[in-house]
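Taking it in order: structure first as structure tokens, then the write-up.
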Number of protein chains: 2
Amino acid sequence: MTTSADFQQMLRGAALRVTRPRVAVLGAVHAHPHADTDSIIGAVRAELPDASHQAVYDSLRVLTNAGLVRRIQPAGSVARYESRVGDNHHHVVCRSCGAISDVDCAVGEAPCLTASDDNGFSIDEAEVVYWGRCPACSGSEAGSF
Amino acid sequence: MTTSADFQQMLRGAALRVTRPRVAVLGAVHAHPHADTDSIIGAVRAELPDASHQAVYDSLRVLTNAGLVRRIQPAGSVARYESRVGDNHHHVVCRSCGAISDVDCAVGEAPCLTASDDNGFSIDEAEVVYWGRCPACSGSEAGSF
DNA sequence: CCCTTTTTCTGAACGAGTCAAGAAAACAGT
DNA sequence: ACTGTTTTCTTGACTCGTTCAGAAAAAGGG
């Protein structure tokens, strides 16, 4: 388990000012992987009832830029955040309920990074999203349309 | 070049009613790959000045569900549409200007489809987005921040 | 402890996309 | 062709995630 002091440490390590909203946001992202901004606002307010939504948006942006959290946004979804950073991992997204799970890089050494033809682009990241149905949704046929 | 009659054919083939907005939208998507909805509305109105934005939104949804066009939406971007469907191809997105290019599937037989651990999900598609800088943006250092 | 800079708060604003109800158009059957 | 039914289009309002702006508060170096 990660403590508040650890989060302060992480902020300082990234040369960021340590503020209560930031610590709370960092804690919320660690506690609720793949949570959307609204859930994070809720989690932050459990601890800091008067935190503004703007502070949460600002903190998330700062933390994302600093590399302390990662922002993901599958098509058709709102922004979601996770604390697992630095490892090149991907996600499975349920088409039916939107549930997200982590997936380690399919092939050992990030082969997806090699596009067959990069059109002259200089590529620095390959993002993979697997689409399907989560166990719950593939069991019940509801929503399969 | 694809003609209006071809588009009507495609609509009938998909068991969809042939309407002028739909034909125009299909034409616009074919003419402007990776265009966003607003650009498509503009292109449609060049031919059908009184088309409503709602008709375009509706048509795009119908065409997407029918598999006649494909909707893509890289994180942080609005929805974009393309007419290249059925082949499992991917995209390179410029972090700086948002330009998008097509990329054929990196490895011959869609290996990315095999997640290392699917968490019990039944996966039906693997979407790959390559992030980087387009030739123009990697040349000029502007925007690299 | 003070000062400057950065961050947060309040509240308004924005924009892509959706919802709803009535009018118009498509197409199957006669 | 004409009619009737169903689908689609138009108009206009509206939602919701996110951002903008200015004033107030807090962080951290000297």
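Since the model is a prediction, treat every value here as computed from it, not as a measurement.
- Note on ring orientation: taking the six-membered ring where Trp is involved, the planes of A/His34 and A/His91 are perpendicular (angle over 60°, cut-offs 30° and 60°).
- Phosphate proximity of C/dT8 to A/Arg20: absent, as no side-chain N or O sits under 4.0 Å from OP1 or OP2.
- Put simply, the side chain of B/Arg22 and the base of D/dT8 share no donor and acceptor less than 3.5 Å apart.
- Annotation: A/Arg84, atom CZ; neighbour count of heavy atoms from other residues, nucleotides and ligands within 6.0 Å is above 12.
- Rounded to a whole Å, the CG atom of A/Leu60 is 9 Å from the P atom of D/dT18.
- In this structure, CG of A/Asp36 is placed 8 Å from P of D/dG17, rounded to the nearest angstrom.
- Rounded to a whole Å, the CG atom of A/Leu48 is 13 Å from the C1' atom of D/dA26.
- Here D/dT18 presents its P atom at 10 Å from CZ of A/Arg80, a figure rounded to the nearest Å.
- Side-chain proximity of B/Val18 to the nucleotides C/dC27, D/dG28, D/dT18 is greatest for C/dC27.
- For the pair A/Ser59 and C/dT7, the criterion of a side-chain N or O lying under 4.0 Å from OP1 or OP2 is not met.
- With D/dG17, D/dA13, C/dT8 as the candidates, the nucleotide lying closest to the side chain of A/Asp58 is C/dT8.
- Both B/Thr19 and B/Arg71 lie near DNA chain C, and the one whose nearest nucleotide falls closer to the 5' end is B/Arg71.
- Across all strands shown, B/Asp50 has heavy atoms under 4.0 Å from sugar-phosphate atoms exclusively, and none from any base.
- Candidate nucleotides C/dA26, D/dT18, D/dT11 were compared by shortest atom distance to the side chain of B/Gln54, and D/dT11 ranks first.
- Ion pair A/Glu125/B/Arg95 flagged as a salt bridge, since at least one NZ, NE, NH1 or NH2 atom sits closer than 4.0 Å to an Asp/Glu carboxylate oxygen.
- A/Tyr81 has its ring centre no less than 6.0 Å from the ring centre of A/His32.
- Whole-Å rounding puts the B/Arg12 CZ to C/dA26 P distance at 10 Å.
- When each of A/Ala55 and B/Gln73 is assigned the nucleotide of DNA chain C with its nearest heavy atom, A/Ala55 is the one assigned upstream, toward the 5' end.
- Aromatic ring pairs are classed by plane angle as parallel below 30°, tilted from 30° to 60° and perpendicular above 60°; the pair A/Tyr130 and A/His90 is perpendicular.
- Taking atom CG on A/Leu11 and atom C1' on C/dT6, their separation rounds to 14 Å, with Å as the unit.
- For the pair A/Leu16 CG and C/dT8 C1', the interatomic distance rounds to 15 Å; values are reported in whole Å.
- Atom CD1 in A/Ile41 sits roughly 9 Å away from atom P in D/dG17 (whole-Å rounding).
- Contacts of B/Val62 with the nucleic acid, taken as non-hydrogen atoms under 4.0 Å apart, are absent.
- You'll find that the side chain of B/Arg17 is closest to D/dT6, out of D/dC9, C/dG17, D/dT6.
- Out of C/dT8, C/dG17, D/dC9, the shortest distance to the side chain of B/Ala79 is found at C/dG17.
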